[in-house]
J.: 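Just dropping this structure here.
Quantities reported herein were computed from a predicted structural model and do not represent experimental measurements. Values below: every heavy atom of this structure, side chains too, minus hydrogens, waters and symmetry copies.
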Amino acid sequence: MSRPELQAPPELYYGDTEAKKYTNNTRVQTIQADMTYRALELLNLPEDQPAFLLDIGCGSGLSGEILDEEGYHWVGVDVAPSMLEVALEREVEGDLFLQDIGQGFGFRPGSFDGAISISVIQWLLNAETSHPTSSPPHRLTRFFTTLHSALRNPSRAVLQFYPTSDDQIQLITSIAQKAGFGGGVVIDYPNSKKARKVFLCLFVGSGGAQQVPKGLEGEEEIESGRAKFEARRERSGKKRDKKRKSIKDKDWILKKKELYRKRGKESVPNDSKYTGRKRRTVF
């Protein structure tokens with residue numbers, strides 16, 4: 001079977017059926033989580049500090065859930081309406097935008113502290129029409145130029161993608177550099193067909209002088225990588241347990257209700273003085 005990006009544009013390929021199938025696939029969930037954790041590792045954000053992140057090609061919110069777990073605020077963009085509909089049904093925390101990233105972003109300069117993208121930018125390498133604005137170089141230029149503007153100085157963007165050749169890596173990297181980014185390509189487990197992953201680690205501003213991180217290596221890359229991610233999940237899980245002891249306080253509930261109202265959800269309960277209080281069971 002050919003790769004998804006070679007079969008149809010993403011907004012058509014990920015229709016209602018495929019969007020739900022993708023989201024409910026446990027293997028996809030595991031891979032998406034692992035790559036999101038790795039992207040955050042390469043993003044190298046300061047510990048215990050809030051950050052506002054852009055999730056490029058957020059889909060149904062699988063990567064967004066990891067951002068939530070790690071305590072980040074985020075905005076997600078995706079071109080597939082069905083994917084965003086599934087994200088809304090799953091009540092993800094981030095704000096969602098329907099956006100063709102090949103046309104660029106409209107965010108104010110310096111809006112985000114960083115950006116991640118999982119398995120997305122290879123879709124920009126296919127021209128959907130013969131019009132010059134549909135060509136991969138043009139769409140990549142619009143993407144990287146507006147992304148660079150949307151990120152604060154200094155910051156990073158980490159984009160995981162699936163190239164089919166070294167020429168594609170060179171094209172993407174050169175256009176990113178012309179847009180003002182520093183950084184380069186990070187390849188995890190380059191000698192493995194199954195575990196090999198390609199990340200574009202980009203720097204903005206003074207971050208551009210930083211050294212590009214080294215890719216992961218090892219003979220048993222799948223097992224060791226999985227163990228590493230599981231250990232990280234265990235550590236973050238302990239942090240989440242601490243947070244969840246008081247997660248349903250008044251402020252949290254009011255925030256949730258306001259989010260639902262903005263999204264047009266019906267039957268949101270009215271606020272009351274009892275909001276957030278523990279219920280007592282009466283026998």
Side-chain angles (χ1 to χ4, degrees), residues 2-15 18-19 35 39 42-43 53-59 63 75-84 96-112 114-153 155-187 197-205 207-208 212:
S2 62
R3 295 166 54 137
E5 63 268 22
L6 300 179
Q7 297 183 44
E11 64 271 27
L12 298 181
Y13 182 84
Y14 288 110
E18 192 63 32
M35 292 192 295
L42 294 171
L43 207 56
L53 304 180
L54 177 62
D55 185 358
I56 302 166
C58 63
S63 52
V75 165
V77 298
D78 202 282
V79 73
S82 295
M83 278 291 205
L84 294 178
L96 306 175
F97 290 86
L98 181 65
Q99 174 71 54
D100 178 2
I101 62 174
Q103 294 181 1
F105 301 105
F107 299 112
R108 286 188 290 183
S111 294
F112 299 98
I116 68 166
S117 180
I118 307 299
S119 308
V120 172
I121 60 173
Q122 69 267 11
W123 291 87
L124 295 177
L125 295 169
N126 300 302
E128 298 176 11
T129 70
S130 58
H131 195 277
T133 59
S134 186
S135 69
H138 186 278
R139 288 171 62 76
L140 285 167
T141 298
R142 288 290 301 164
F143 168 70
F144 282 117
T145 301
T146 54
L147 174 60
H148 186 277
S149 174
L151 294 170
R152 70 171 178 82
N153 183 355
S155 63
R156 291 187 181 187
V158 177
L159 318 172
Q160 181 274 328
F161 67 107
Y162 290 105
T164 58
S165 67
D166 291 340
D167 288 340
Q168 288 189 347
I169 295 178
Q170 178 59 36
L171 174 65
I172 289 173
T173 304
S174 64
I175 293 177
Q177 291 173 345
K178 289 178 181 178
F181 284 105
V185 174
V186 177
I187 301 179
K197 293 292 183 294
V198 178
F199 295 83
L200 192 59
C201 188
L202 302 175
F203 306 138
V204 176
V212 177

J.: Does H131 offer a backbone N or O that forms a donor-acceptor pair with the side chain of S134 under 3.5 Å?
T.: no
J.: Measure the shortest side-chain to side-chain distance between V204 and F181 over non-hydrogen atoms and say whether it is less than 4.5 angstrom.
T.: yes
J.: Let me confirm one number: the CD1-SG distance from I118 to C58, rounded to the nearest 0.5 Å.
T.: 12.0 Å
J.: Within the 4.5 Å heavy-atom criterion, are L200 and T173 side-chain neighbours or not?
T.: yes
J.: If only atom types and distance count, is the side chain of D55 paired as donor or acceptor with the main-chain N or O of G76 below 3.5 Å?
T.: no
J.: Can you see which heavy atom on F112 is nearest to which on V75, and at what distance?
T.: CE2-CB, 3.9 Å
J.: Is a donor on one side and an acceptor on the other found under 3.5 Å between the side chain of Q99 and the backbone of G104?
T.: yes
J.: Which atoms form the tightest heavy-atom contact between V158 and C201, and what is the distance?
T.: CG2-SG, 4.2 Å
J.: Search all heavy atoms of I116 against all heavy atoms of L159 and return the closest pair with its distance.
T.: C-CD2, 4.4 Å
J.: In terms of ring plane angle, is the pair W123 and Y13 parallel, tilted or perpendicular, where the classes change at 30° and 60°?
T.: tilted
J.: Looking at Q168, Q122, Q170, which one forms a side chain to side chain contact (heavy atoms under 4.5 Å, CB included) with P163?
T.: Q168
J.: Any non-hydrogen side-chain atom of L147 less than 4.5 Å from a side-chain atom of L54?
T.: yes
J.: Could you check if a side-chain atom of I172 sits within less than 4.5 angstrom of a side-chain atom of L140, using non-hydrogen atoms only?
T.: yes
J.: What's the spacing between N153 CG and H148 NE2 if we round to 0.5 Å?
T.: 7.5 Å
J.: Are N126 and L6 close enough, and set up right, to give a side-chain contact (heavy atoms from CB on, under 4.5 Å), and what steps lead you there?
T.: CA-CA 8 Å; N126 300 302; L6 300 179; 3.7 Å; yes
J.: What distance separates F144 CZ from L202 CG, expressed to the nearest 0.5 Å?
T.: 6.0 Å
J.: Taking the six-membered ring where the residue is Trp, are the ring centres of F97 and F107 under 6.0 Å apart?
T.: yes
J.: Looking at CZ of R139 and CG of L125, how far apart are the two atoms once the value is rounded to the nearest 0.5 Å?
T.: 10.0 Å
J.: Hey, is the main chain of S119 close enough, under 3.5 Å, to the side chain of Q160 for a donor-acceptor pair?
T.: yes
J.: Between CG of D78 and CD1 of I56, what distance do you get to the nearest 0.5 Å?
T.: 11.0 Å
J.: Quick check for you: to the nearest 0.5 Å, what is the distance between Q103 atom CD and T133 atom OG1?
T.: 8.5 Å
J.: Taking the six-membered ring for Trp, are the ring centroids of F143 and F105 within less than 6.0 Å of each other?
T.: yes
J.: Quick one: does S135's side chain have a donor or acceptor within less than 3.5 Å of a partner on P132's backbone?
T.: yes
J.: Quick one: do S117 and F161 satisfy side-chain contact (heavy atoms from CB on, under 4.5 Å)? Show the steps, please.
T.: CA-CA 8 Å; S117 180; F161 67 107; over 6 Å; no
